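Everything numeric in this text was worked out from a predicted model, so none of it was measured. As a basis for the values below, the full set of heavy atoms in this structure was taken, side chains included, without hydrogen atoms, waters or symmetry mates. Reminder, nothing fancy here: chain letters follow the sequence lines and each chain counts from 1.
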Amino acid sequence: MKRTKVKVLLNSGQPGSEVLVKGWVRSKRDSKGVAFIALNDGSVIHNIQIVVDVANFDENALKSISTGACIAVKGLLVQSLGKGQSVEIQAREMELYGAADPETFPLQKKGHTLEFLREIAHLRPRTNTFGAVLRMRHAMSYAIHKFFNDKGFVYVHTPIITGSDAEGAGAMFRVTTLDDQKPPLNELGHVDYREDFFGKETNLTVSGQLEGELVATALTEIYTFGPTFRAENSNTTRHLAEFWMIEPEVAFNELDDNMNLAEEFLKYLISYALEHCKDDLEFLNNMYDKELIQKLHFVLEHPFQRLSYTEGVEILRNSGQKFEFKVEWGTDLQSEHERYLVEKHFQRPVILTDYPKEIKAFYMKQSADGKTVRAMDVLFPGIGEIIGGSQREENYDKLLNRVNELGIKNEDLWWYLDTRRFGTCPHAGFGLGFERLMLFVTGMNNIRDVIPFPRTPKNAEF
RNA sequence: UCCUUCUUAGCUCAGUUGGUUAGAGCACAUGACUGUUAAUCAUGGGGUCCCUGGUUCGAGUCCAGGCUGGGGAGCCA
């Protein structure tokens, strides 16, 4: 007999039919003659109720069906006699795949703190919260590919191991096969990476952008979606050492096109979540953030506020608000400044553009004013920077000048610079932190709770 | 990395001025109960009070250092 998913039974099960379900016991309620088992298989947040006529089953067998156990149940799907569910299964046969000793199984019927669940990340997928988050993570991943595919973008697999340390996005993890006790040394007594696997120093990527640009200047519209690694010692609710990033790059796009794409993209993902993740969103709305669904609708219905860095600085200086850090043109905005603009002043997502060139990366397009670059940061309430992007500098001489000004070794970047020597074109792109998007659409507060197995400083368990 | 705060039963937490045998709710076990919804009721078992050192007649409690966790900041997505 074929297994039916709980989701299918609850949505379209025909009462009166014989069914087989398999899943994990969330709770069991006993009385003398009848027992009720709440069974979940992860296909949907809801459980199906199994009704057990105690007289028909062995007492010890029933006892081992406790919270956390994995079972298969064959029985008759019927209209529920009790309140709280429309259908339920009257058990005829039950098979125990795996018991879960109630004395040692860590998950209880009652709620647990997210901090505790992080310590048992191998079991937390079996909770309502992580079921909801992981289903939504899948839905968002799928929606990302669908959005770009429908627009004719090409999904590009950029390398995870990179030989360039010039990506400029922070500290990197080294990749090596050298003997860690006695590595080969060069004439100067330093580690000789010529003897390493790749014959040079290599690291895990901090961004697929540079390679993305190589392909965008051939296929026009591309995106990447892959893991990204930052060895920063960041201990916050919005940073991971290993995270997933989406980076579209489009030839012939300028900064306005880039902003339009970013706003359309984010709104598409939010509307996809509202349309396809209703049950999970309702659960998260009830349990974690009573305004979650309302906030998603709000973002969808209002245009993002677009203004320049310079205008933003003016607003902050004239706000009369006391900040811990002074607002000064030329320095990067602090979290408190961004929050003021997004949460107090405009009360909606904000796109800040045209930052001073000194505080942005070397590859951003230099403006005629000589002071700013065509950068854009999309700022979201509660999260801060969810997207960072720019139009890229396509002029070979200007780009090379900037590389030299910043003391970047241009022999590491010859291939990148070559795109500006051969058939260069205006182009633009951005990076969306996938887990930051997940924070926003799930209403969760800690980035460690929107990825199955988080990697953070001092933590690579599971 | 910096600031701040916490760590007591499987989980969530009380624990008075430093004083005998460290408590509660939930969970778990046993029993009761014909339909429960985080079932209910009764009974019971369960502790390296985070670690190291110090002060003291005596430390869960006070002091110092450290680990882990939480919150904030920086770096950023």
*Might you work through the side chain to side chain contact (heavy atoms under 4.5 Å, CB included) test for A/Leu240 and A/Ile451, ending with a clear yes or no?*
CA-CA 10 Å; A/Leu240 291 165; A/Ile451 187 167; 4.0 Å; yes
*Stacking here means centres under 5.5 Å and planes under 30°; does A/Phe434 stack on B/A77?*
no
*For B/A39, take OP1 and OP2 only and decide whether either is under 4.0 Å from a side-chain N or O of A/Ser27.*
yes
*Output the single nucleotide from B/G35, B/C76, B/G70 whose closest atom is nearest the side chain of A/Asn446.*
B/G70
*asked:* Counting only side-chain nitrogens and oxygens, does A/Arg29 get under 4.0 Å of the OP1 or OP2 atom of B/U40?
replied: no
*So which nucleotide from B/G35, B/A29, B/G69 ends up closest to the side chain of A/Pro102?*
B/A29
_Minimum-distance nucleotide to A/Ser234 side chain [options: B/G72, B/C75, B/C76]_ = B/C75
_Salt bridge A/Glu393-A/Lys357, side-chain N to carboxylate O under 4.0 Å_ = no
*If you check the A/Arg118 side chain, which of B/A38, B/G69, B/G35 turns out closest?*
B/G69
_Under 4.0 angstrom between A/Thr113 side-chain N/O and B/U12 OP1 or OP2_ = yes
*Kindly say if A/Lys109 contacts the phosphate of B/A39, meaning a side-chain N or O under 4.0 Å from OP1 or OP2.*
yes
*Could you check which nucleotide pairs with B/A73 in any of the strands shown, counting Watson-Crick or G-U wobble with both distances under 3.5 Å?*
B/U1
*hbond_proxy A/Gln85 side chain to B/G35 base (donor-acceptor, 3.5 Å cutoff)*: no
*Touch check for A/Gly384, heavy atoms < 4.0 angstrom, all strands: base, sugar-phosphate only, or nothing?*
nothing
*Would you classify A/Ile246 as touching base, sugar-phosphate or nothing, given that sugar-phosphate means primed atoms plus P, OP1 and OP2, and contacts are heavy atoms under 4.0 Å?*
nothing
_Can you tell me whether the side chain of A/His239 and the base of B/C76 have a donor-acceptor pair closer than 3.5 Å?_
yes
*OP1 or OP2 of B/U30 under 4.0 Å from side-chain N/O of A/Lys63*: yes
*Checking only heavy atoms, does the side chain of A/Glu103 share a donor-acceptor pair with the base of B/G10 at less than 3.5 Å?*
no
*asked:* Nearest to the A/Asn235 side chain among B/C75, B/U1, B/G35, which nucleotide is it?
replied: B/U1
*Whole Å only: how far is the CG atom of A/Asn128 from the P atom of B/U37?*
17 Å
*To the nearest Å, how far apart are A/Glu59 CD and B/U30 C1'?*
12 Å
_Quick check on RNA chain B: between A/Val34 and A/Arg448, whose nearest nucleotide comes earlier from the 5' end?_
A/Val34
*asked:* Taking any heavy-atom pair under 4.0 Å as a contact, classify A/Phe36: base, sugar-phosphate, or nothing.
replied: base
*asked:* Taking A/Lys74 first and then A/Glu18, would you say they form a salt bridge - that is, a charged N and a carboxylate O separated by under 4.0 Å?
replied: no
*Closest to side chain of A/Leu240, choosing from B/A73, B/G71, B/A77*: B/A77
*Output yes when at least one side-chain N/O atom of A/Ser335 is less than 4.0 Å from OP1 or OP2 of B/G74, else no.*
yes
*Let me know, please, whether A/Phe105 or A/Gln90 comes out on the 5' side of the other along RNA chain B by nearest nucleotide.*
A/Phe105
*Could you please name the option among B/C76, B/A73, B/U36 that lies closest to any side-chain atom of A/Ser80?*
B/U36
*So, is A/Ser31 close to the B/G35 phosphate, meaning a side-chain N or O under 4.0 Å from OP1 or OP2?*
yes
*Does A/Asp30 make a side-chain donor-acceptor contact with the base of B/U36, cut-off 3.5 Å?*
no
*From the list B/C28, B/G74, B/U68, which nucleotide is the closest neighbour of the side chain of A/Gln334?*
B/G74
*Could you please name the option among B/U34, B/C28, B/G72 that lies closest to any side-chain atom of A/Thr237?*
B/G72
*A/Arg135 with A/Asp279: basic N within carboxylate O range, under 4.0 Å*: no
*Look at the side chain of A/Arg230 and the base of B/A77, then say whether one donor and one acceptor between them are separated by less than 3.5 Å.*
yes
*Is B/C26 paired to anything, Watson-Crick or G-U wobble with both distances less than 3.5 Å, and if yes, which nucleotide?*
B/G10
*Give a yes or no on whether a salt bridge exists between A/Arg402 and A/Glu405, defined as a side-chain N under 4.0 angstrom from a carboxylate O.*
yes
*Contact class for A/Gln209 (heavy atom, under 4.0 Å): base, sugar-phosphate, or nothing?*
nothing
*Looking for any heavy atom pair under 4.0 Å, which part of the strands does A/Gly431 touch: base, sugar-phosphate only, or nothing?*
sugar-phosphate
*Ignoring the backbone of A/Gln49, work out which of B/U12, B/U37, B/A27 is nearest its side chain.*
B/U37
*Before accepting this row, confirm whether a basic side-chain N of the pair A/Asp449/A/Arg118 lies closer than 4.0 Å to the acidic partner's carboxylate O.*
yes
